Structure formats: structure tokens, C-alpha cells
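Not measured: the values here are computed from a predicted model.
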Amino acid sequence: MLQVNVLRQKTEWVKERLAVKNFKQPELVDAIVAMDDERKKLQAEFDALQAKVNASSKNIGKLMSTGNREEAEQLKADVATWKLQLEPGKKQAAETEKKLEETITLLPNLPSEKVPKGLSPEDNEVVKQTEVPMLPETALPHWELTKKYKLIDFDLGNKITGSGFPVYTGKGAKLQRSLIQYFLDYNTDAGYKEIIPPFMVNEASAFGTGQLPDKEGQMYFVNEDGFYLIPTSEVPVTNMYRDTIVKQEELPVKMTAYSPCFRREAGSYGKDVRGLNRLHQFEKVEIVQIVDAEKSYDALEEMVSHVERLLQLLKLPYRILRLCGGDMSFTSALTYDFEVYSAAQKRWLEVSSVSNFESYQSNRLKCRYKDESGKMQLVHTLNGSSLALPRILACLLENNQTENSIVIPEVLRRYFGEDAIG
RNA sequence: GGAGAGUUGUCCGAGUGGUUGAAGGAGCACGCCUGGAAAGUGUGUAUACCUCUAAAGGGUAUCGAGGGUUCGAAUCCCUCACUCUCCGCCA
């Protein structure tokens with residue numbers, strides 16, 4: 001959530017930035033500032049009257065204790081009339097504040113200066129791209145390979161739950177586990193603290209990281225308890241720091257978590273959902289950082305290199321995209337996407353998204369620290385996948401296939417225990 | 001799921017209707033004391049919003065969350081969340 005003071009002080013600049021994100025209602029910025037003016041005015045009025053009431057109430061107490069009953073009763077009557085005046089002001093102030101909150105929540109985060117203009121994925125900027133491998137025409141897509149080597153059973157998942165819930169079997173399950181373990185070790189070696197978070201969150205948490213109200217229909221919801229199944233461990237992990245004041249010397253906080261992720265993916269169809277390309281339940285290892293406001297872009301670069309190195313170690317072909325305003329998430333200020341090349345499908349698959357949210361999440365989370373001058377500052381939050389499992393697995397199977405085997409990447413062998421499948 | 005007891009500031013802990021944003025202690029910060037340290041001692045030690053602003057100051061709110069009663073609530077009532085104990089159930 002953006003800060004009202006920023007809207008107030010840099011109104012035109014805010015509108016320019018929103019335009020980069022293709023935000024269509026710049027007039028809301030002015031409306032919000034006006035609501036804030038109104039809010040201040042109402043509060044000042046209310047506070048003044050309330051102060052009078054409070055002071056008189058104290059006086060009544062004194063009068064009562066000195067036995068001055070009559071005067072106390074008189075004052076009581078006065079206060080009662082002031083209180084009647086107080087009611088409408090209180091109500092109006094609350095309504096204005098609520099409206100303000102609702103409206104400012106509609107504004108997405110402001111994109112950083114580095115964000116390219118654009119409307120769709122075609123406008124993303126390719127920052128880096130490795131060589132793309134060519135496979136023989138007989139190469140199989142991963143959904144054939146998983147069948148051939150009995151690694152994943154999609155039909156079984158359909159039976160047990162429904163589409164998008166695959167069953168990993170035998171070596172497929174073990175390969176998946178090996179990847180998770182490898183990712184976690186790689187992250188913790190780099191100083192990220194390992195977390196196993198809850199896989200369901202309450203409404204406050206879903207709001208804190210910005211899933212609500214923006215992604216309401218994309219999350220599974222447990223009605224009886226009011227819980228959301230997490231769409232990513234970013235949500236519970238970042239919310240560990242909701243309503244906290246962090247000591248500056250404790251920053252940066254670096255955390256990594258493995259979790260399943262649940263997404264309803266309403267509206268997806270076709271080749272996008274084939275095999276492992278898009279699922280309702282998938283596994284992911286996430287990295288999260290909570291940092292000083294001035295250091296967040298250094299942290300972002302660090303995370304990007306961190307994820308890039310991981311892809312290099314797995315020897316997968318990849319490219320890094322700087323997302324354009326139109327393709328960025330609602331909450332992000334700058335996002336780098338990582339895609340791996342699925343050689344048998346001849347397409348790029350997103351496996352990581354590394355973002356700096358600046359203070360957009362922390363303003364909702366109320367996560368702050370005191371800077372050197374003793375001033376309260378909102379922290380900056382960042383996160384990234386390191387990495388999303390299914391597409392890594394898909395790509396790994398496709399790119400590493402031979403006539404009658406799948407070659408296991410060097411770095412995974414000590415986890416997997418074998419050099420190849422098949 | 002049932003019954004009961006709780007939830008107070010960084011922590012411990014007092015407080016059952018009236019100058020209580022909140023006793024006391026610990027911790028922390030700064031000062032005094034000291035050759036130095038410990039002990040001792042003094043002062044300070046929340047957040048948000050508003051107002052004012054060079055600063056200070058002032059106002060409002062906050063004692064798990066939200067509502068209510070009252071001139072006045074940390075204190076009384078209601079709802080919810082969480083913690084603990086016992087019973088039930090259970091991986």
C-alpha cells in the first residue's frame with residue numbers, strides 16, 4: 001500500500017509512475033489526497049471535542065470525591081450534550097478513513113525508474129539469455145518422459161483430486177525431493193535461514209503481502225475457518241514480520257522456505273496447462289529478504305545473481321527478463337523473471353520471479369525499524385523463487401534426455417544417489 | 001468438541017470504575033561515582049494520528065481484537081482470536 005504522504009508530496013510523479021503500470025484511474029490520487037484532508041479536518045474537530053469531554057470527566061471525578069455532588073451532576077449533563085455532538089463526527093471520521101483505506105488499496109505499487117514501459121509479456125526486456133539447445137526431433141516432451149520412466153502419474157491425480165494435482169511416484173518423487181533439498185542447502189549456505197511456515201494463512205496475512213484484495217479469487221479458501229491456502233510461502237514467511245519493529249542491526253533478515261503452493265488458476269487452459277506447465281498444487285522453495293530502505297536494490301541484485309547461479313549449477317538454459325509495467329505484479333516495484341528453456345516444447349517457462357516491493361508490503365505489514373537518526377522507517381521487502389519445482393523438473397527431464405535415460409545433473413547426484421534414470 | 005483459568009509496556013509483574021500511558025522490578029541508554037570495572041546512584045526508556053514546529057510543547061487513540069454500558073473502563077457486559085489446565089478424540 002502506498003503512503004498518503006508520498007501521494008501528497010509528489011502527486012504528479014506518482015501519476016506518471018502509475019501510468020507506466022497502465023493504471024487507468026490517475027484521478028484516484030487526487031481523490032485520496034482530498035480524502036486525507038477531510039480526514040485530518042474531521043479528526044482535529046473530533047479530538048478537540050473529545051479533549052473537552054475527557055477533561056470534564058476528570059473534573060466530575062474530583063467533584064465527586066470532594067463531595068460536591070450537585071456541581072458534578074450539572075457537569076455530567078453538560079458532558080452528555082457534548083457527547084451527542086461527538087457521535088456524528090466520530091462516525092463521519094471513521095467512514096472517511098475507511099473509504100480512504102479502500103481507495104488507496106486500489107493503487108498498485110509504483111514501478112521503479114528501471115521498469116520498461118509496455119502492456120504485455122512481449123514488452124519485457126531480455127536482460128540476459130544463454131544459448132538455446134537443439135534436441136533431435138525424436139525428443140519427448142516431459143509429459144511423455146514422466147510416463148515412460150514412471151515418474152509422475154497425472155491420471156492418478158485426476159482420480160484422487162482433480163486436474164492440476166499430479167502424483168509423483170518412485171524416482172520422480174525422489175528427484176523432486178532431491179531438488180528441494182539441494183535448493184534449501186544452496187540457500188542456507190548463502191545465509192538464508194530455513195523456515196517451515198504454515199501452509200494456510202488468515203485474512204490479515206493475505207492482506208499484508210497484497211494477495212488480498214487483489215487476488216481474492218485465485219486462492220483456495222477454507223470457509224469454516226476463514227483460512228487461505230498459501231499461493232506461495234512468501235505470504236506466511238513475510239508475515240512473520242507483520243506488526244513488528246525490527247532492530248536495524250538485525251537487518252537484513254534473510255529467510256528461505258520450502259512449501260507447497262496452491263493456486264486456483266481460474267481461466268487457464270490449453271497448452272499452458274499441459275503436464276507440469278501449470279498446476280493447482282506445486283512445490284516451491286522461496287527466498288525472502290527484509291532490508292533497510294536504502295539497500296533494497298542491492299539486495300535485489302544479490303538475489304538475482306543468487307538465483308542465476310543456481311540455474312547455472314543445474315546447467316539449464318535460461319534467460320532473465322526485466323518485466324515491463326504491464327506484466328508486473330500489483331505489488332512489485334521491480335521484477336526480474338527467470339525462464340528456463342524447455343527444449344522439447346520449444347518454449348520458455350517461468351521458474352522464478354524476483355521482486356522488490358520497496359515499502360508497499362511493509363506499509364501494510366507495519367514492519368518498521370529505527371534508522372540512525374532515530375526515525376521510524378518502513379523496511380523494504382523482497383522475495384524470489386529459488387526455485388519453482390515443476391517447471392525445473394520438466395525442463396530438466398526434457399533437456400537431459402537421451403535415447404533411453406535421463407541424465408541427473410552433477411550437483412543433484414549426492415542427493416539423488418544415481419547418475420541417471422532409466 | 002466440552003469445562004475452567006488466562007492474555008497489561010522490551011521482559012517479569014501490580015492494578016476490579018475516577019488526574020493510570022499505566023505502580024514495582026529487570027533489561028537497555030546516558031550521566032555521576034571509579035585508576036578501570038563491578039556495586040551504588042541519578043535521569044531517561046512505546047506506537048500511530050492530529051496540531052505546532054527550528055526545537056520543545058499540546059491533543060486524540062492504544063492494557064489480545066472488535067463492539068457495548070458509563071460523565072468516566074486496563075478494570076463491568078457481549079462477540080471473536082490465542083495461551084494454559086482437565087475431559088473427549090486423534091497422527
Side-chain angles (χ1 to χ4, degrees), chain A residues 1-9 32-105 196-208 212 221-228 236 239-251 253 260 359 362-379:
Chain A
M1 174 162 80
L2 298 175
Q3 293 166 266
V4 182
N5 281 342
V6 176
L7 304 197
R8 181 184 293 283
Q9 284 153 19
I32 288 164
V33 173
M35 283 181 226
D36 195 45
D37 289 338
E38 175 75 2
R39 193 201 106 240
K40 284 186 182 182
K41 195 183 118 222
L42 290 169
Q43 194 188 333
E45 288 168 8
F46 176 80
D47 283 359
L49 197 52
Q50 182 66 255
K52 203 155 88 163
V53 168
N54 288 350
S56 300
S57 291
K58 279 186 183 170
N59 270 333
I60 292 170
K62 266 190 252 177
L63 292 170
M64 300 278 270
S65 62
T66 55
N68 213 333
R69 293 224 155 246
E70 244 168 72
E71 222 175 308
E73 289 302 327
Q74 179 55 48
L75 201 46
K76 269 196 198 183
D78 290 347
V79 174
T81 57
W82 297 336
K83 281 200 55 171
L84 288 178
Q85 295 168 37
L86 218 46
E87 278 311 312
K90 187 178 173 183
K91 208 171 143 195
Q92 210 183 343
E95 272 168 20
T96 307
E97 187 149 6
K98 185 161 170 253
K99 184 82 183 130
L100 172 64
E101 176 108 338
E102 281 170 7
T103 312
I104 201 163
T105 292
I196 300 179
F199 299 153
M200 295 191 204
V201 295
N202 57 30
E203 190 181 334
S205 293
F207 177 79
L212 289 181
F221 182 62
V222 181
N223 196 38
E224 288 80 354
D225 303 287
F227 296 151
Y228 293 87
N239 270 282
M240 287 165 63
Y241 284 83
R242 172 152 52 83
D243 294 323
T244 45
I245 297 171
V246 199
K247 290 209 172 68
Q248 193 176 22
E249 54 267 29
E250 286 169 16
L251 299 175
V253 175
S359 60
S362 59
N363 191 30
R364 289 189 177 195
L365 295 162
K366 300 282 170 274
C367 179
R368 293 154 297 166
Y369 68 98
K370 264 195 187 128
D371 67 15
E372 293 85 352
S373 61
K375 208 178 153 221
M376 274 297 175
Q377 300 278 358
L378 290 168
V379 299

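One C1' atom belongs to rA38(B), the other to rU51(B), and the distance between them is 48 Å to the nearest Å. With P as the reference atom, rU19(B) and rG13(B) are 25 Å apart, rounded to whole Å. Nucleotides rA26(B) and rU79(B) have their P atoms positioned 41 Å apart, rounded to a whole Å. Using P as the reference atom, rA74(B) and rC80(B) are 23 Å apart when rounded to the nearest Å. Rounded to whole Å, the separation between the P atoms of rU45(B) and rG25(B) comes to 15 Å. As rounded to the nearest Å, rC30(B) and rG15(B) have P atoms that lie 35 Å from one another. For the C1' atom pair drawn from rA73(B) and rC84(B), the interatomic distance equals 27 Å after rounding to whole Å. Nucleotides rG57(B) and rA65(B) have their P atoms positioned 27 Å apart, rounded to a whole Å.
Counting to the nearest Å, the C1' atom of rU45(B) and the CE atom of Met376(A) are 13 Å from each other. rC80(B) atom P lies 15 Å from atom CZ of Phe227(A), rounded to whole Å. In this structure, CD1 of Ile245(A) is placed 11 Å from P of rA46(B), rounded to the nearest angstrom. Regarding Glu101(A), its CD atom lies at a distance of 16 Å from the P atom of rA48(B), rounded to whole Å. Here the C1' atom of nucleotide rC49(B) and the CZ atom of Arg8(A) are 13 Å apart, to the nearest Å. For the pair Lys366(A) NZ and rA46(B) C1', the interatomic distance rounds to 17 Å; values are reported in whole Å. Atom CD of Gln3(A) is separated from atom C1' of rC49(B) by 14 Å (rounded to the nearest Å). At whole-Å resolution of the value, CD in Glu203(A) and P in rA65(B) are 18 Å apart.
Within a 6.0 Å sphere centred on CD of Glu70(A), heavy atoms belonging to other residues, nucleotides or ligands number 12 at most. Within 6.0 Å of CD on Glu203(A) lie no more than 12 heavy atoms contributed by other residues, nucleotides or ligands. When the shell of 6.0 Å around CD of Glu45(A) is examined, it contains more than 12 heavy atoms from other residues, nucleotides or ligands.
Note that the CG atom of Leu7(A) and the CD1 atom of Ile32(A) stand 5.5 Å from one another [nearest 0.5 Å].
The backbone N or O of Leu378(A) lies less than 3.5 Å from no partner atom in the side chain of Ser362(A), so there is not a single donor-acceptor pair.
A salt bridge between Lys98(A) and Glu95(A) is absent, with no side-chain N of the basic residue lying under 4.0 Å from a carboxylate O of the acidic one. Under a 4.0 Å N-O distance rule, the pair Lys83(A)/Glu87(A) does not qualify as a salt bridge. Salt bridge status for Arg39(A) with Asp36(A): present, with a side-chain N to carboxylate O gap under 4.0 Å.
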Distances under 3.5 Å only, N/O to N/O: pair up the protein atoms with those of nucleotides 50-59 of chain B.
from: rG59(B); atom 1: N2; to: Asp47(A); atom 2: OD2; distance (Å): 3.2

Detail all sub-3.5 Å separations between protein N/O atoms and N/O atoms belonging to nucleotides 26-30 of chain B.
none

Between protein and nucleotides 18-21 of chain B, what N or O pairs are separated by less than 3.5 Å?
from: rG18(B); atom 1: N2; to: Ser57(A); atom 2: O; distance (Å): 2.8

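Counting only N and O atoms by type, the side chains of Asn54(A) and Ser57(A) include no donor and acceptor under 3.5 Å apart.
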Verdict with reasoning, Gln92(A) to Glu38(A), per side-chain contact (heavy atoms from CB on, under 4.5 Å) = CA-CA 10 Å; Gln92(A) 210 183 343; Glu38(A) 175 75 2; 3.9 Å; yes
request  = Please test Asn202(A) against Ser205(A) for side chain to side chain donor-acceptor pair (under 3.5 Å), starting from the C-alpha separation and ending with a verdict.
outcome  = CA-CA 6 Å; Asn202(A) 57 30; Ser205(A) 293; 3.2 Å; yes
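Among residues two or more places apart in sequence or in another chain, the side-chain hydrogen bond (donor to acceptor under 3.5 Å, both in side chains) test is passed with Glu71(A) by Asn68(A). Residues satisfying the side-chain hydrogen bond (donor to acceptor under 3.5 Å, both in side chains) test with Gln248(A), not counting sequence neighbours, are Asp292(A).
The 5' end of RNA chain B is approached more closely, in terms of each residue's nearest nucleotide, by Ala55(A) than by the other of Val79(A) and Ala55(A). Nearest-nucleotide mapping onto RNA chain B: of Lys370(A) and Lys83(A), the residue sitting toward the 5' end is Lys370(A).
Stretches of at least 3 consecutive Watson-Crick or G-U wobble pairs, with each checked distance under 3.5 Å, appear in RNA chain B as B:1-7 with B:81-87, B:10-12 with B:24-26, B:27-32 with B:40-45, B:46-51 with B:57-62, B:64-68 with B:76-80.
The closest side-chain heavy-atom distance from Asn239(A) to Val201(A) is not below 4.5 Å. In this structure, Gln377(A) and Arg368(A) have side chains that are not in contact, with every pair of non-hydrogen atoms separated by 4.5 Å or more.
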